[in-house]
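Here is the structure we will look at.
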Amino acid sequence: MRTADGGELAGASPPARPVDGEILMRSEQSEMRKRQMPAAQETTGSTPGQPGGGDRGSNACCFCWCCCCSCSCLTVRNQEEQRPRRPSHELRREDLPTCEESPSPTLEEVNAWAQSFDKVMLTPAGRNAFREFLRTEFSEENMLFWMACEELKKEANKTIIEEKARIIYEDYISILSPKEVSLDSRVREVINRNMVEPSQHIFDDAQLQIYTLMHRDSYPRFMNSALYKDLLQSLAEKSVEA
């Protein structure tokens, strides 16, 4: 501000007037910010799973926010999914021997099963029906062990006997096996001693124990089971129709 005589008033600053260069610089900075904003938004939107970046992507890791394909957690999870999984013991049907081939039981035969457990175990049809019942009680290994012992008794070749005895021991006697049968310590000790040179009768005592267990424990329930009653009823109906 100037005084009447043309001098400047002390302490008064001249009004700020932007020069042309400053105006041009501000315009360029404003234009650069406008260009950068869409790029930043695009980058944020293309990274699914980031906080504030929209919905999580389909590859989002459940343990972290890093959702890129190189996420270590995701890599481990994908490897686990690709690794072939072996089903549990109850579902490994290929490990179990096939049922014995037999014709369908007759009404007289099924009625005879109610007379004694020996009649159930006498024929393949009876053993198959009883084995099917044991499977519902998760004790099928008892019948499988009994059948394996019967097969071992038929062998005469020493090498085959030793191999089958080893397989039976690992499958049904070893405490590490999921199919271990229930035996007392005395029988186990005898088997362990005889495994040095097994014979076809090495498991006779154990087989008798399991047979007795099935007779006393499972057989009464089999007689009262829906499986047995339904089979008996269906055969009776077929007999009447014939």
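Side chains are part of it too, since the values below use all heavy atoms of this structure and drop only hydrogens, waters and symmetry mates.
Distance check, rounded to the nearest 0.5 Å: OG1 of T159 to CD of E162 gives 6.0 Å. How far CD of E197 is from NZ of K158: 4.5 Å, rounded to the nearest 0.5 Å. Atom CD of E155 sits about 12.5 Å away from atom OG of S199, to the nearest 0.5 Å. One distance of note links CZ of F133 with CE of M223; it measures 9.0 Å at 0.5 Å rounding.
Tracing side-chain contacts under 4.5 Å through hydrophobic residues (I, L, V, M, F, W, Y), one never reaches L134 starting from L122; they form parts of separate clusters.
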Point to revise | side-chain contact (heavy atoms from CB on, under 4.5 Å) between E141 and D171, worked out | key: CA-CA 9 Å; E141 65 274 4; D171 284 350; over 6 Å; no
**Study point:** Check against side chain to side chain donor-acceptor pair (under 3.5 Å), K238 and Q233
**Key:** CA-CA 9 Å; K238 290 180 180 179; Q233 182 179 353; over 6 Å; no
Check your understanding: Can you check side-chain contact (heavy atoms from CB on, under 4.5 Å) on Y172 and E180, steps first, answer last?
Key -> CA-CA 4 Å; Y172 305 107; E180 178 196 5; over 6 Å; no
Practice item. Determine, step by step, whether C149 and D204 satisfy the side-chain contact (heavy atoms from CB on, under 4.5 Å) criterion, reporting the C-alpha distance in whole Å, the side-chain angles of both residues, the deciding distance to 0.1 Å, and the verdict. Key: CA-CA 8 Å; C149 292; D204 282 3; 6.0 Å; no
Exercise for review: Determine, stepwise, if the pair K179 / F145 fulfils side-chain contact (heavy atoms from CB on, under 4.5 Å).
Suggested key: CA-CA 9 Å; K179 297 183 289 185; F145 171 68; over 6 Å; no
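Residues passing the side-chain hydrogen bond (donor to acceptor under 3.5 Å, both in side chains) test with H215, sequence neighbours excluded: none. Listed by chain and residue number, F117, F222 satisfy the ring pair (Phe, Tyr, Trp, His ring centres under 6.0 Å) test with F130 (two or more places apart in sequence, or in another chain).
With Q200 contributing its side chain and L152 its backbone, the two residues share no donor-acceptor pair below 3.5 Å. When atom types are taken as modelled, the side chain of S234 and the backbone of L231 share a donor-acceptor pair closer than 3.5 angstrom. The main-chain N or O of L208 is found under 3.5 Å from a side-chain atom of T212 such that the two form a donor-acceptor pair. Judged purely by atom type and a 3.5 angstrom limit, D217 has no side-chain atom pairing as donor or acceptor with the backbone of L213.
Considering only heavy atoms from C-beta on, Y228 comes within 4.5 Å of V110 through its side chain.
Within a 6.0 Å sphere centred on NZ of K153, heavy atoms belonging to other residues, nucleotides or ligands number more than 12.
The shortest heavy-atom contact between M143 and M214 is N-SD, 3.9 Å. The two residues V187 and Q209 have their closest heavy-atom pair at CG2-NE2, 3.4 Å. When every heavy atom of E109 is checked against every heavy atom of P105, the shortest pair comes out as OE1-CA, 3.5 Å. Pairing each heavy atom of L227 with each of A129, the nearest pair is CD2-O, 3.9 Å. Closest of all the heavy-atom pairs between A206 and I191 is CB-CD1, 3.8 Å.
At a threshold of 4.0 Å, the pair R166-E170 counts as salt-bridged, since one of the basic side-chain nitrogens sits closer than that to a carboxylate oxygen. Salt-bridge annotation for E132 and R127: absent, with no side-chain N of the basic residue lying under 4.0 Å from a carboxylate O of the acidic one. R186 has no carboxylate O lying under 4.0 Å from a charged side-chain N of E189, or vice versa, which leaves the two without a salt bridge.
Residue pairs meeting the side chain to side chain donor-acceptor pair (under 3.5 Å) criterion with at least one member in residues 111-121, sequence neighbours excluded: D118-Y211.
Results of the side chain to side chain contact (heavy atoms under 4.5 Å, CB included) test with I202 over I161, N194, I168, I173 single out N194 as the only residue that passes.
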